[in-house]
Amino acid sequence: MINSVRGTKDILPVEVPIWNFVERTLGQVSRLYGFGEIRTPIMERTEVFLRSLGEETDIVNKEMYTFLDKGGDSITLRPEMTASVVRSILQNNLLFGNNVLRLWYIGPLFRYERPQKGRLRQFHQYGAELIGSIEPEADVEILLLANSLIQNLGILNYSLQINSIGNSYSRKKYKDILVRFLVEHRNYLSLESKERLERNPLRILDSKDEKDQEILLRAPNILEYLDGRSLEHFDYVQKLLKENSIDFVINPRLVRGLDYYSHTVFEFQSEILGAQDAFGGGGRYDELFQQFGSKEIPAIGFALGIERIILILEQLNKFKQKSEPLVFVAYTNPTYINEVISIAENLRKHKIPSIFDIQRKSLKAQLKEANKQNATFTLIVGDEEIAKRQATLRNMGNSSQTSIPFENLVEYLNSANVNLALGNNK
Ligand code: HAM
């Protein structure tokens with residue numbers, strides 16, 4: 001047997017309804033906030049991610065699916081979408097004058113991580129990017145959108161953690177002070193944190209190791225090293241959040257795993273998820289456009305992990321799958337096939353899903369199959385039905401049977417009290 005690649009997952013027909021629900025809800029709420037959808041290619045030139053995400057980040061260092069194509073170009077399967085969106089905005093000149101751009105996306109991403117619950121090598125994200133405003137109002141608008149998305153999905157119990165990591169100047173100052181502190185405690189740090197001390201010391205603040213956490217309790221606080229403007233910005237974001245009843249927790253150790261962030265950063269966490277408790281995260285990236293050779297364009301955005309959201313919804317048992325309406329056309333003689341096809345095609349033309357036997361099964365076996373397929377109705381076409389041009393319609397819910405002339409089937413099924421027409425089922 002050939003199995004799927006480690007860390008990838010099939011989304012099977014029984015799971016598709018919950019995916020459809022999540023995707024549909026995310027799209028609908030995004031449109032309420034005036035965001036337009038963008039779809040970028042799954043593969044990009046490697047340089048799109050190399051510097052923008054940070055050469056010392058885990059993603060660039062060890063998690064990218066990078067390969068040389070047959071033409072010798074270095075290609076990477078996107079590990080995140082913000083850099084792709086920035087590339088696309090610049091390439092397609094989507095931003096002109098003093099405009100603001102509101103974009104959202106959904107799609108698969110690839111990271112070579114160690115698979116575990118909620119962590120895959122191919123996973124999916126919804127993301128939103130608000131481009132063109134440096135003001136704290138933009139931060140609040142993006143958090144209002146994120147909150148509304150999460151709540152519309154039915155997730156009410158979660159924590160929004162926020163922090164400010166200032167501008168690159170204040171961050172560098174803080175980094176030096178943090179490194180000085182951590183070097184003093186070097187011998188007690190975990191192996192991973194020791195390694196990070198050289199390459200990416202801020203990420204040590206994220207460490208889940210117990211001993212590290214003990215040391216970090218005494219570590220200098222990044223918020224105390226912010227410059228005046230950064231502080232003012234962060235204070236105003238908090239004020240607006242409070243005034244608009246958005247609950248949040250300030251977490252000065254929240255730094256995020258990508259280098260392009262500055263000022264406000266945030267994460268959505270749920271206890272339901274266990275170790276991988278973040279189901280979404282984002283922040284400002286005011287300096288990212290410049291790395292693509294553009295003028296300075298401030299922006300803020302976030303992404304939600306769809307698999308993690310679905311894990312939460314499954315735990316909450318919130319998603320009740322409506323049974324799809326379906327008519328099974330059963331028939332007693334293979335020679336009736338053209339009549340059966342014509343009935344099924346007519347139902348389909350009127351948006352009533354229908355299937356019929358294609359294995360020449362006995363009527364008894366067809367009725368069993370109709371049950372297995374969860375049919376709402378079974379239409380029986382036998383000798384008498386053909387003679388009278390009336391089908392026997394069996395309601396699979398209560399087993400009642402009625403005789404309906406072929407030409408009245410659509411009308412009857414549409415009026416039948418079962419929300420049968422696909423249009424009524426949405
Ligand atoms: P991120 O924090 O790397 O941010 O990913 C966002 C979310 O994607 C995470 O909170 C998590 O739910 C999900 N996720 C990440 N890695 C995996 C994985 N291996 N398996 C399953 N789910 C995963 C970003 O990607 C930024 N581009 C977000 C952003 C947009 N910032 C500004 N704009």
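Quick caveat: nothing in here was measured; it's all calculated off a predicted structure. These numbers come from the heavy atoms of this one structure, side chains and all, not from hydrogens, waters or symmetry mates. Read the numbers this way: they start at 1 and go in the same order the structure lists the ligands and their atoms.
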Student: Looking at atom 33 (N) of ligand 1, what's its closest protein heavy atom, distance included?
Tutor: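 Residue, atom and distance for the closest contact: Glu129 OE1, 2.8 Å.
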Student: Is it the side chain (CB and beyond), the backbone, both or neither of Arg121 that lies under 4.0 Å from ligand 1, heavy atoms counted?
Tutor: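 No part of Arg121 comes within reach of ligand 1.
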Student: Is it true that, when you exclude Asp73 itself, more than 12 heavy atoms of the residues, nucleotides or ligands shown sit nearer than 6.0 Å to its CG?
Tutor: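 Enclosed.
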Student: Just distances here: any N/O of Gln125 and N/O of ligand 1 closer than 3.5 Å?
Tutor: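 Such a contact does occur with ligand 1.
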Student: Can you tell me if Asp247 has over 12 outside heavy atoms packed within less than 6.0 Å of its CG?
Tutor: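 It does not: Asp247 CG has 12 such atoms or fewer within range.
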Student: Taking distance alone, with N or O pairs closer than 3.5 Å, would you say Glu80 contacts ligand 1?
Tutor: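 Yes, at least one N or O pair falls under 3.5 Å.
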Student: Taking C-beta and beyond as the side chain, do Glu137 and Tyr236 meet within less than 4.5 Å on heavy atoms?
Tutor: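 Result yes, sub-4.5 Å side-chain heavy-atom pair found.
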Student: Is the shortest side-chain N to carboxylate O distance from Asp58 to Arg196 below 4.0 Å?
Tutor: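 Judged by the 4.0 Å cut-off on N to carboxylate O distance, Asp58 and Arg196 do form a salt bridge.
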Student: Quick one: nearest non-hydrogen protein atom to atom 4 (O) of ligand 1, plus distance?
Tutor: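 Result for atom 4 (O) of ligand 1: Arg256 NH2, 3.0 Å.
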Student: With a cutoff of 4.0 Å, is Gly257 in contact with ligand 1, counting heavy atoms of the residue only?
Tutor: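 Checking ligand 1 against Gly257, which is what was asked, there is no heavy-atom contact under 4.0 Å.
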Student: Look at the aromatic rings of Phe279 and Tyr158 and report parallel, tilted or perpendicular, splitting at 30° and 60°.
Tutor: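 The arrangement is perpendicular - the two ring planes meet at more than 60°.
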Student: Nearest protein heavy atom to atom 13 (C) of ligand 1, by residue and atom, and its distance?
Tutor: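 Among all protein heavy atoms, the one nearest atom 13 (C) of ligand 1 is Gly305 CA, 3.7 Å.
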Student: Could a heavy atom of Glu267 be found less than 4.0 Å from some atom of ligand 1?
Tutor: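 Judged by the 4.0 Å heavy-atom criterion, Glu267 does not count as contacting ligand 1.
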Student: Under a 4.0 Å heavy-atom limit, does Leu258 contact ligand 1 with its side chain, its backbone, both, or neither?
Tutor: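 Within the 4.0 Å criterion, Leu258 contacts ligand 1 through side-chain atoms alone.
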Student: For ligand 1, is there an N or O atom under 3.5 Å from any N or O atom of Ala278?
Tutor: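 Yes, since at least one N or O of Ala278 sits under 3.5 Å from an N or O of ligand 1.
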Student: Donor-acceptor pair, distance only, cut-off 3.5 Å: does the side chain of Tyr174 make one with the backbone of Pro220?
Tutor: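 Pair found, side chain donor or acceptor close to backbone of Pro220.
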Student: For atom 30 (C) of ligand 1, find the nearest protein heavy atom and state the residue, atom name and distance (0.1 Å precision).
Tutor: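 Going atom by atom, the protein heavy atom closest to atom 30 (C) of ligand 1 ends up being Thr82 OG1, 3.0 Å.
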Student: How far is atom 10 (O) of ligand 1 from the closest protein heavy atom, and which atom is that?
Tutor: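 Answer, as residue, atom name and distance: Gly280 N, 3.2 Å.
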Student: Under the 6.0 Å and 45° cation-pi test, does Arg121 pair with Tyr112?
Tutor: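 Yes, Arg121 lies over the aromatic ring of Tyr112.
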Student: Which residue supplies the protein heavy atom nearest to atom 21 (C) of ligand 1, what is that atom called, and how far is it?
Tutor: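 I find the closest protein heavy atom is Gly118 O, 3.2 Å.
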Student: Identify, by atom number and element, the atoms of ligand 1 in contact range of Arg119, meaning under 4.0 Å from any of its heavy atoms.
Tutor: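 Within the 4.0 Å cut-off of Arg119, ligand 1 contributes 19 (N), 20 (N).
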Student: Distance to 0.1 Å, residue and atom name: give those for the protein heavy atom nearest to atom 11 (C) of ligand 1.
Tutor: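 Checking every protein heavy atom, the shortest distance to atom 11 (C) of ligand 1 gives Arg308 NH1, 3.5 Å.
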Student: Report the member of Phe268, Tyr260, Phe279, Phe302 with the shortest heavy-atom distance to atom 26 (C) of ligand 1.
Tutor: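 Checking each option, the heavy atom nearest atom 26 (C) of ligand 1 is found in Tyr260.
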Student: For ligand 1, which is the ligand I care about here, please tell me if Leu120 has any N or O atom under 3.5 Å from one of the ligand's N or O atoms.
Tutor: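 By distance alone, the answer is yes.
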Student: Less than 3.5 Å between some nitrogen or oxygen of Glu307 and one of ligand 1, yes or no?
Tutor: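 No.
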Student: Is Glu15 salt-bridged to Lys9, going by a charged N under 4.0 Å from an acidic O?
Tutor: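 A salt bridge is present here (some side-chain N lies under 4.0 Å from a carboxylate O).
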Student: What is the ring orientation for Phe110 with Tyr65, classed by angle as parallel under 30°, tilted 30 to 60°, or perpendicular over 60°?
Tutor: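 Rings of Phe110 and Tyr65: perpendicular, as their planes differ by over 60°.
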Student: Check ligand 1 against Gly282 and write out every atom of the ligand that is under 4.0 Å from a heavy-atom position of the residue.
Tutor: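 In order of numbering, the contacting atoms are 31 (N).
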Student: For residues Arg199 and Asn61, determine if any side-chain heavy atom of one lies less than 4.5 Å from a side-chain heavy atom of the other.
Tutor: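 Yes, close enough: below the 4.5 Å cut-off.
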Student: What's the shortest distance from atom 22 (N) of ligand 1 to any protein heavy atom, and which residue and atom give it?
Tutor: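 Minimum-distance protein heavy atom for atom 22 (N) of ligand 1 reads Phe123 CD1, 3.4 Å.
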Student: Run through Gln125, His124, Gln122 and flag the one making a side-chain hydrogen bond (donor to acceptor under 3.5 Å, both in side chains) with Glu307.
Tutor: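 Single side-chain hydrogen bond (donor to acceptor under 3.5 Å, both in side chains) partner of Glu307 among Gln125, His124, Gln122: His124.
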Student: May I ask which of Tyr261, Tyr285, Tyr112 has a heavy atom nearer to atom 29 (C) of ligand 1 than the others do?
Tutor: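 Considering heavy atoms of Tyr261, Tyr285, Tyr112, the nearest to atom 29 (C) of ligand 1 sits in Tyr261.
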Student: Does Asp227 use its side chain to pair, donor to acceptor, with the backbone of Ser170 at less than 3.5 Å?
Tutor: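 No, because the side chain of Asp227 does not come within donor-acceptor range (under 3.5 Å) of the backbone of Ser170.
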Student: Report the C-alpha separation of Thr82 and Tyr285 in whole Å, then their side-chain angles, then the decisive distance to 0.1 Å, and conclude whether the side-chain hydrogen bond (donor to acceptor under 3.5 Å, both in side chains) test is met.
Tutor: CA-CA 9 Å; Thr82 309; Tyr285 49 96; 5.4 Å; no
